[in-house]
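In what follows, a structure is listed as structure tokens, so that the remarks can point back to it.
Residue numbers run from 1 in the order of the sequence given.
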Amino acid sequence: MKVLVIGGGAREHALCRSLSQDPAVTELHCAPGNAGIAQVATVHPVDQLDGAEVTALARRLGSELVVVGPEAPLVAGVADALREAGVPVFGPSGRAAQLEGSKAFAKDVMAAAGVPTARSYVCTTPAEAAEALDAFGAPYVVKDDGLAAGKGVVVTSDREAALAHAASCMGTPSGREGGGRVVIEEFLDGPEVSLFAITDGTTVLPLQPAQDFKRALDGDEGPNTGGMGAYSPLPWAPEGLVEEVLETVLQPTVDELRRRGTEFSGLLYAGLALTSRGTRVIEFNARFGDPETQVVLARLRTPLAGVLHAAATGTLDQLEPLRWDDDAAVTVVIASEGYPAAPRTGDPIEGLAEAEAADGTAYVLHAGTRAGEDGRVLSAGGRVLSVTATGADLAEARDRAYRAVGRITLQGGQHRTDIALKAAQ
Ligand code: AMP
Ligand code: GLY
């Protein structure tokens with residue numbers, strides 16, 4: 001199978017790594033990719049938001065499967081362009097991707113499907129926002145309605161800060177989906193779980209749960225980020241969680257979208273809070289999570305291409321049950337100085353080979369990197385690397401990942417030191 005992956009982060013590197021190990025994959029391409037992906041796939045410089053350009057590339061390569069990684073091309077309709085051209089594609093249509101692209105749309109779908117989520121108001125004026133904040137009380141949860149790469153959410157007990165974020169969301173210039181609207185919702189207590197499911201629009205196949213670390217600093221301090229690390233499995237998760245979420249969240253959502261004529265095929269990501277009052281959806285995403293994908297795929301034994309192809313071609317019901325490693329996996333993100341507010345780029349990264357060679361159990365997935373002229377690898381984004389390791393348990397996987405992190409130098413680079421710490425103890 002000739003496969004083309006769209007995107008260029010650590011999630012796409014993880015996807016490419018798994019696909020490159022699948023004997024069914026005869027050719028692997030990635031666009032635009034990054035310096036690490038270039039080691040396992042042929043990379044192509046394209047504008048990943050341009051459906052015509054991506055489709056032309058897929059045609060030229062004779063791609064039999066295109067996997068769209070990030071949300072922005074999905075919301076821009078890149079999967080639609082590929083489907084219209086008859087190319088099997090893993091990823092939802094632009095309309096179905098509104099499940100991630102518009103929080104207001106997601107809330108509407110959840111209400112119709114009876115999916116448990118935080119109560120919320122969609123507001124368009126400061127007065128409405130103030131009223132909604134007071135209706136729920138502190139801590140306040142204020143979300144930009146549109147895509148914000150995980151950074152559009154402010155959770156705070158400071159009413160002034162909540163109002164200020166609401167005002168900045170409503171003031172966003174149009175031209176972006178959902179700009180001008182803000183979602184204010186009740187605070188959900190309890191630990192968070194990321195649960196991914198592969199779907200062809202009808203059949204839903206959950207993957208193993210993972211946990212992400214969204215805040216920039218140790219102890220869940222600092223601003224929200226795209227995610228600073230992840231681990232799987234979750235030894236503390238209640239038994240039957242996956243089955244419960246399949247029944248109460250994933251299947252009803254997929255069924256409701258099909259009923260609306262907005263069939264969702266691809267990866268449905270449920271961000272969940274296990275609250276004292278039961279499981280609630282915090283958000284949906286329309287694609288693999290980053291960095292959770294790095295740990296989920298590290299444990300998946302079933303070759304990946306066949307699974308994604310079955311989703312792309314509506315044949316998931318014929319797939320054998322997925323097989324998983326009992327091993328644990330941990331990934332630690334190394335981000336650049338200033339991330340998330342103002343990441344600095346262009347710094348050389350040293351120690352990549354040493355990190356992988358140390359004991360052969362850790363590997364480095366590239367996020368924002370590019371090849372420099374002198375053969376060095378340079379930072380090129382906020383999240384730079386995702387250092388991943390497996391082990392017999394979380395403690396061993398963690399140990400191996402952090403040992404590898406310790407061999408890497410990036411000037412000003414930052415990482416959390418407590419990824420999977422509590423769960424490993
Ligand atoms: P989101 O972009 O909706 O995933 O939000 C990013 C992060 O903000 C989540 O992972 C949570 O940590 C936090 N968050 C979002 N919504 C809520 C909520 N209703 N209650 C508590 N925390 C939330
Ligand atoms: N790790 C959170 C996300 O992918 O949105």
Side-chain angles (χ1 to χ4, degrees), residues 5 7-17 30-41 43-48 69-70 72 148-151 212-219 221-230 289-295 330-358 362-389 398 400-419:
V5 176
R11 162 187 49 215
E12 287 75 27
H13 195 176
L15 287 164
C16 284
R17 185 175 192 272
C30 185
N34 61 35
I37 293 173
Q39 294 166 9
V40 294
V43 297
H44 305 267
V46 298
D47 175 0
Q48 56 175 321
K151 289 162 257 171
D212 178 21
F213 291 73
K214 289 240 165 68
R215 300 289 188 131
L217 306 175
D218 280 4
E221 302 283 344
N224 265 319
T225 69
M228 294 298 288
D290 189 348
E292 298 97 311
T293 300
Q294 287 85 305
V295 290
V330 171
T331 195
V332 179
V333 169
I334 301 180
S336 52
E337 183 177 332
Y339 178 75
R344 193 175 83 174
T345 60
D347 289 310
I349 305 160
E350 314 283 353
L352 290 170
E354 292 80 354
E356 292 196 338
Y363 49 93
V364 181
L365 298 168
H366 291 221
T369 69
R370 65 182 174 84
E373 275 125 46
D374 49 4
R376 287 201 293 184
V377 175
L378 305 176
S379 64
R383 292 188 291 177
V384 180
L385 302 168
S386 197
V387 182
T388 309
R398 202 177 170 273
R400 289 170 169 174
Y402 274 109
R403 234 180 300 150
V405 167
R407 296 196 160 85
I408 296 172
T409 52
L410 164 67
Q411 203 190 331
Q414 44 163 331
H415 65 268
R416 281 182 62 157
T417 66
D418 62 349
I419 303 301

Exercise. Check the pair R376 / E350 against salt bridge (Lys or Arg N to Asp or Glu O under 4.0 Å), numbers first and verdict last.
Key: CA-CA 8 Å; R376 287 201 293 184; E350 314 283 353; 3.4 Å; yes
Self-check item: Q294 and T388 side chains, donor-acceptor separation under 3.5 Å
Solution: no
Quiz item: Counting distance only, does the side-chain N/O of E221 pair as donor-acceptor with the main-chain N or O of A216 below 3.5 Å?
Solution: no
Quiz prompt | Shortest non-hydrogen contact from G381 toward S336 | solution = O-OG, 3.0 Å
Quiz item: Which pair of non-hydrogen atoms, one from D212 and one from P291, has the smallest distance, and what is that distance?
Solution: OD1-CD, 3.5 Å
Self-check item: Interatomic distance, C30 atom SG to Q48 atom CD [nearest 0.5 angstrom]
Solution: 9.0 Å
Self-check item: Rounded distance [0.5 Å steps], NE2 in H13 versus CD1 in I37
Solution: 6.0 Å
Quiz item: Are the side chains of L385 and L365 in touch, meaning some heavy atoms are under 4.5 Å apart?
Solution: no
Quiz prompt | Nearest atoms (heavy-atom pairs only) where V333 meets G229 | solution = CG2-N, 3.9 Å
Quiz item: Ignoring hydrogens and geometry, is there a side-chain-to-backbone donor-acceptor pair from D418 to G219 under 3.5 Å?
Solution: yes
Exercise. Check for a donor-acceptor pair, side chain of T225 on one end and backbone N or O of R215 on the other, with a separation under 3.5 Å.
Key: no
Practice problem: Ignoring hydrogens and angles, tell me if any N or O in the side chain of R383 forms a donor-acceptor pair with the backbone of D290 under 3.5 Å. | Solution: yes
Quiz item: Is there a donor-acceptor pair under 3.5 Å between the side chain of E12 and the backbone N or O of G9?
Solution: yes
Quiz item: Is the cationic atom of R416 (NZ for Lys, CZ for Arg) positioned less than 6.0 Å from the six-membered ring centroid of F213 and within 45 degrees of its normal?
Solution: no
Practice problem: Measure the NE2-CD distance between H366 and Q39 for me, rounded to the nearest 0.5 Å. | Solution: 5.5 Å
Quiz item: Do you know the tightest heavy-atom contact between A389 and A401?
Solution: CB-N, 3.5 Å
Quiz item: Going through the checks in order, is the side-chain contact (heavy atoms from CB on, under 4.5 Å) test met by Y363 and R17?
Solution: CA-CA 10 Å; Y363 49 93; R17 185 175 192 272; 3.3 Å; yes
Quiz item: Is the side chain of N34 donor-acceptor paired with the backbone N or O of A367 at a distance under 3.5 Å, no angle test?
Solution: yes
Practice problem: Would you kindly say whether T345 and S379 are connected by a side-chain donor-acceptor distance under 3.5 Å? | Solution: no
Quiz item: Quick one: CD on E292 to OG on S386, what's the gap to the nearest 0.5 Å?
Solution: 10.0 Å
Quiz item: Can you tell me how far CD1 of I419 sits from OG1 of T331, rounded to the nearest 0.5 angstrom?
Solution: 9.0 Å
Quiz item: Would you say Q411's side chain and P348's backbone share a donor-acceptor pair under 3.5 angstrom?
Solution: no
Quiz prompt | Shortest non-hydrogen contact between L378 and I349, atoms and distance | solution = C-CD1, 3.8 Å
Quiz item: What distance do M228 atom CE and L217 atom CG have between them, rounded to the nearest 0.5 Å?
Solution: 8.0 Å
Quiz item: Can you name the closest pair of heavy atoms from H415 and V332 and give their distance?
Solution: CB-CG1, 4.1 Å
